[in-house]
2 protein chains.
Amino acid sequence: MAQVKVLIAQGGGPTAVINQSLVGAVLAARAFPQVQAVYGARHGVRGVLNEDFVDLTGEDVNHLERVAASPSSALGSTRDKPDTAYCLQMLEVIKAHGITHFLYIGGNDSSDTVRILMAEAARSGHTLAGMHIPKTIDNDLMGNDHTPGFPSAAKFVAQAFAGADLDNAALPGVYVAVVMGRHAGFLTAAAALARQGVDDGPHLIYLPERAFEMDRFLADVKRTHERLGRCVVAVSEGIHDASGHPIITRLTQGKGGTAERDAHGNVQLSGTGALADLLSEEVKSRLGIKRVRGDTFGYLQRSFLGCVSDVDAREARDVGAVAVRMALKHGASGSVAIRRDASAPGYVSEYTVQPLEAVAAKTRVMDQAFIHAAGHDVTPAFVDYLRPLLGSQLPQAERLKGRAVAKRLRPQG
Amino acid sequence: MAQVKVLIAQGGGPTAVINQSLVGAVLAARAFPQVQAVYGARHGVRGVLNEDFVDLTGEDVNHLERVAASPSSALGSTRDKPDTAYCLQMLEVIKAHGITHFLYIGGNDSSDTVRILMAEAARSGHTLAGMHIPKTIDNDLMGNDHTPGFPSAAKFVAQAFAGADLDNAALPGVYVAVVMGRHAGFLTAAAALARQGVDDGPHLIYLPERAFEMDRFLADVKRTHERLGRCVVAVSEGIHDASGHPIITRLTQGKGGTAERDAHGNVQLSGTGALADLLSEEVKSRLGIKRVRGDTFGYLQRSFLGCVSDVDAREARDVGAVAVRMALKHGASGSVAIRRDASAPGYVSEYTVQPLEAVAAKTRVMDQAFIHAAGHDVTPAFVDYLRPLLGSQLPQAERLKGRAVAKRLRPQG
């Protein structure tokens, strides 16, 4: 039996369940008798480049289970986006350590890294199996019904808006909250799951799949505020105008255009309250509404300790294990994907492996059927799609009923 | 037996457990045979002024229990701060409806309202018992070990920083998060409860009890970042310079001084990401650190659905019930307070009633013994004080151990 060495890494933004995939893969690998070692690379591909490995072959199972239940990439992560030269250096390290299987837990950039690495391994005649294990709160991977990490982040967003809507009902005004997501609006759309009754917020939802027009936004807010005396708005950080310019840059342009950009040239959207403040200021100054509050959910969406969908945790665990089994039993390379069995009466997910090229560096956005024609809401089809993913422990809020008492001093009042 | 009518209202900022106090009071009142009716005023004192009452005398108990478990003031709230004239108008309504007992769930402003109202009732010869039921996430009421609402908000802050610290460990840089609290730093200090091991964040905690100096802050961040390669910072929204000017106004001054002010003339601190952005920008531009992220926890701290300390929920329920019993059995007026039995081996709380004057319009800040001498952290005494209040369900995060694998390509590396 040929000896096998498995190397696992985590890339991109952390999620609440990314360590379920790590532990799922580690434990599945350790169950194969031919596996000599299971290594973890610290900080993704950078750890491969730097030979920065930890040995997980004998790591205590109970300890691993507690890690699995903890948010954020336990191995550390990276935003490095390797090119061919970078991958060739990684390959040298992989050869030096006799690694036979490489598993990368990440989003579409990470799947692209596996694609390049596999191509270079094949070119150099090194036998290597490479699997991409899906992960992203953005839910933007092609060929997946949804991606691990998204349901837990969506649960956070739904619970946040449920509470914020009750808060806004208690002290009425306009509340604008900005949700993560550059191109795909899934996470912002999850705000709709906060609603339980008619006229519950969020009353308006703006997605990056539609061009954002400030005047229309203000008209929407005005109309809602006039009808209900309050208005709760969910906005994607990635909203942009008709020509594709992010709305957030309106502010930074005014200040000299110092917006931070990432390795891909994208404007930094998270880690600042600028967009919520910009929209709040517009509502205040142009609609004359006094109580306007802007929140930005920020990093809590993906890392808050203690907000996990049990469906998400189970599936994240599964995709890690499936990746190992497909690679070790069948010598497969590719990207694990979650599909939904549409013929099942309830919610049933299943796993498959798709070619790396199907996922790598591509971005899925929301289906048209999920976006309300008015452009400021989602459809019931989206709510039906998301609800089972949030799992079994979604808290419900209750509003007070209470019959009105007849007035005595001002009976007509 | 004289007929009794109880009126309950909720004032100020909502909390995660303010409805436990409401339901505790409603159910306790309904248990007294002489109680003819239990009314709730919509939106606090404003609902009293406007005779906007709902009848809770027959409200279904199961429904009330679900309301009790929901965040944010179910009756609605108000920021109105009644003066004598306002209280006289309230008294007219109270007389017209034959209200004999008034219960106001709120902070120090609300206790002051009860104080003024009771004084006016006495002056006009109307027999009225008035109780203040404590509530505030700021934990700033005099004569209380702590206040209902604070432990659940503290739990949110601790869980948020626990996750954000893991996130920052995965993708290192500087992370600054702003926590609610104008004068009292208790909620910001709760960030310390996120730590489980040595060098866990938050690494720096800035409280409004100490003057904030930008240069010292930058030196603290620089030192931490050099030592750990990362730095997580908790900052109170109320930080101010040595002369008392809020740091947040530095930004608004630059933009023309358009800071929003409340009825008390206080600058609006919440509902904007401006302070986190200001501090992040300082770190970026003056320390030259590239990855700097600022979050503002905003309204999620007090309203997030599904983050409640079970100790807090129980005590919030109790103070509502205690207020009713003290008022109905003993005809008492005053403010219910939570004390801690320091002689008990574990955590034991008990309830008392203190004069309204002891609480009204006064602000408690953090004890000196809770603030680290260095000015950018809390003491172990604070951690010991807060830990039992967070209840039995505080999630714990686990970090990966894993023995380092010896390098093969660069053994010295």
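The sequence lines fix the lettering, A, B, ..., with proteins before strands; numbering per chain opens at 1. As a basis for the values below, the full set of heavy atoms in this structure was taken, side chains included, without hydrogen atoms, waters or symmetry mates.
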Practice prompt. State which residues pass side-chain hydrogen bond (donor to acceptor under 3.5 Å, both in side chains) with R66(B); sequence neighbours excluded, sorted by chain then number.
Written response: E398(A)
Discussion item. Given heavy-atom pairs under 4.5 angstrom as the criterion, report whether the side chain, backbone, both or neither of Y299(B) touches chain A.
Written reply: both
Response to the item:
In terms of heavy-atom pairs under 4.5 Å with chain A, the winner among A194(B), P395(B), A406(B), G40(B) is P395(B)
Worksheet item: So which part of F161(B) gets closer than 4.5 Å to some heavy atom of chain A, the side chain, the backbone, both or neither?
Response: neither
Worksheet, complete the sentence: Ranking S70(B), G298(B), S270(B), A74(B) by heavy-atom pairs under 4.5 Å to chain A gives rank one to S70(B)
Practice prompt. Identify which one of P71(A), S303(A), S77(A) satisfies the side-chain contact (heavy atoms from CB on, under 4.5 Å) criterion when paired with D167(B).
Written response: S303(A)
Discussion item. If I measure from the heavy atoms of chain A, does T296(B) come under 4.5 Å with its side chain, its backbone, both, or neither?
Written reply: backbone
Fill in: Proximal component of A404(B), with respect to chain A [non-hydrogen, under 4.5 Å]
both
Fill in: Contact class of E92(B) relative to chain A, heavy atoms under 4.5 angstrom
both
Worksheet item: So what's closer than 4.5 Å to chain A heavy atoms on A96(B): side chain, backbone, both or neither?
Response: both
Worksheet item: So what's closer than 4.5 Å to chain B heavy atoms on T57(A): side chain, backbone, both or neither?
Response: neither
Worksheet item: In terms of heavy-atom proximity below 4.5 Å to chain A, should K284(B) be classed as side chain, backbone, both, or neither?
Response: side chain
Discussion item. Is H43(B) close to chain A through its backbone or its side chain, or both, or neither, when contacts mean heavy atoms under 4.5 Å?
Written reply: side chain
Worksheet item: Non-hydrogen atoms of chain A under 4.5 Å away: do they reach the side chain of S73(B), the backbone, both or neither?
Response: both
Discussion item. So, using salt bridge (Lys or Arg N to Asp or Glu O under 4.0 Å) as the criterion, who are the partners of D80(A) when residues are at least two apart?
Written reply: R46(A)
Worksheet entry | Contact summary for P14(A) and L171(B), nearest pair of heavy atoms | CD-CD1, 3.8 Å
Discussion item. For L56(B), which atoms come within 4.5 Å of any heavy atom of chain A: side chain, backbone, both, or neither?
Written reply: side chain
